[in-house]
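Step one of this worksheet: look at the structure below.
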Amino acid sequence: MAFSEFLADRVSQFFREKSIHFLAKKMFGGLVFMVDDKMCVGVMKDQIMARINPDIYDESLRKEGCTSMDFTKKTMKGFVYLNDEAIDLDENLYYWLQLALDFNPLAKASKKKKSSKN
């Protein structure tokens, strides 16, 4: 199991209930939810990866179940992992998903790679 389908369903349900247009893509060994062509949240194994406002990053790390994301062995400010203690209840999960959605309009999109085809 590369990622928790149950957790992915909970995220999908939240976005559908909020009428958020999203695209779920398999990447990084998990499932990433793209909003406005930008990475918003992801499901990696049995945890959530959330892209939140860097201004609240340090404060967020003090919350139970929230840790820094070091996917590349380098901490990425504004990206956090959330384990079961942070997302077990829908109310808790929705708090983090809303933080990611709130930051999404401010987030920079990844640069599109140019095709090598001529």
Side-chain angles (χ1 to χ4, degrees):
M1 172 180 76
F3 63 90
S4 167
E5 290 187 29
F6 174 71
L7 196 48
D9 287 343
R10 290 175 67 202
V11 173
S12 295
Q13 178 182 347
F14 173 83
F15 285 143
R16 285 192 304 271
E17 287 175 4
K18 293 272 187 179
S19 299
I20 302 296
H21 177 73
F22 67 93
L23 176 64
K25 289 180 149 183
K26 288 185 179 181
M27 57 170 86
F28 310 121
L31 189 68
V32 173
F33 292 81
M34 307 288 287
V35 176
D36 294 330
D37 293 322
K38 295 178 266 187
M39 188 183 315
C40 187
V41 298
V43 179
M44 311 301 174
K45 298 183 181 177
D46 61 351
Q47 56 186 352
I48 292 283
M49 177 280 302
R51 186 177 188 186
I52 62 172
N53 192 322
D55 293 342
I56 62 167
Y57 177 76
D58 292 328
E59 173 188 336
S60 296
L61 289 176
R62 291 191 286 274
K63 295 188 183 286
E64 187 175 15
C66 179
T67 59
S68 60
M69 182 178 132
D70 58 358
F71 185 75
T72 60
K73 305 296 182 218
K74 178 182 171 191
T75 301
M76 299 175 66
K77 190 167 184 174
F79 289 85
V80 294
Y81 282 135
L82 306 162
N83 66 31
D84 195 47
E85 291 147 353
I87 57 174
D88 57 344
L89 302 174
D90 286 343
E91 173 183 333
N92 296 341
L93 174 64
Y94 294 175
Y95 166 82
W96 291 104
L97 296 178
Q98 190 62 56
L99 282 182
L101 278 177
D102 291 346
F103 179 64
N104 189 262
L106 305 172
K108 292 185 180 180
S110 298
K111 293 180 179 162
K112 302 252 187 229
K113 292 183 180 179
K114 293 185 179 182
S115 174
S116 59
K117 296 179 184 177
N118 290 334

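Taking CE of Met34 as the start and NE2 of His21 as the end, the distance is 11.0 Å to the nearest 0.5 Å. Atoms CG and CG, on Asn83 and Asp88 in that order, are 9.0 Å from each other to the nearest 0.5 Å. Rounding to the nearest 0.5 angstrom, the gap separating the CD1 atom in Ile87 from the CG atom in Leu82 is 6.0 Å. Distance CG/Leu7 to CG/Asp46: 8.0 Å, rounded to 0.5 Å.
Counting heavy atoms from C-beta on, the side chains of Val11 and Leu31 never come closer than 4.5 Å. The closest side-chain heavy-atom distance from Val80 to Ile52 is below 4.5 Å. Side-chain contact between Asp90 and Phe14: absent, with no pair of heavy atoms (C-beta onward) separated by less than 4.5 Å. In this structure, Glu85 and Asn92 have side chains that are not in contact, with every pair of non-hydrogen atoms separated by 4.5 Å or more. Phe33 is not listed as a side-chain neighbour of Ile20, based on a closest heavy-atom distance of 4.5 Å or more.
Around atom CD of Glu17, more than 12 heavy atoms belonging to other residues, nucleotides or ligands sit under 6.0 Å away.
Under the 4.5 Å side-chain heavy-atom criterion for grouping Ile, Leu, Val, Met, Phe, Trp and Tyr, Tyr95 is connected to Leu61 within one hydrophobic cluster. Hydrophobic clustering (ILVMFWY, side-chain heavy atoms < 4.5 Å, transitive): Trp96 and Leu101 are in one cluster.
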Practice task
Take Val32 and Met44 through the test side chain to side chain contact (heavy atoms under 4.5 Å, CB included) and record every step on the way to the result.
Solution key: CA-CA 8 Å; Val32 173; Met44 311 301 174; 3.9 Å; yes
Problem - Working for side-chain hydrogen bond (donor to acceptor under 3.5 Å, both in side chains), residues Gln98 and Asp102 - result: CA-CA 6 Å; Gln98 190 62 56; Asp102 291 346; 2.8 Å; yes
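Not a single donor-acceptor pair under 3.5 Å links the side chain of Asp36 to the backbone N or O of Lys38. No donor-acceptor distance shorter than 3.5 angstrom exists from the side chain of Arg10 to the backbone of Leu93, with no hydrogens or angles considered.
Residue Phe3 comes nearest to Val43 through the heavy atom pair CB-O, 3.5 Å, listed as atom of the first residue, atom of the second, then distance. Heavy-atom minimum distance, Ala86 versus Cys66: CB-N, 4.4 Å. Residue Ala100 comes nearest to Ala50 through the heavy atom pair CB-CB, 4.5 Å, listed as atom of the first residue, atom of the second, then distance. Contact between Gly78 and Tyr57 at its shortest, heavy atoms only, is N-CD1, 3.2 Å. Across all non-hydrogen atoms, the minimal contact from Asp70 to Tyr81 is N-CE1, 4.1 Å. In terms of heavy atoms, Arg51 sits closest to Met39 at CD-O, 3.2 Å.
For Asp84, there are no side-chain hydrogen bond (donor to acceptor under 3.5 Å, both in side chains) partners, not counting sequence neighbours.
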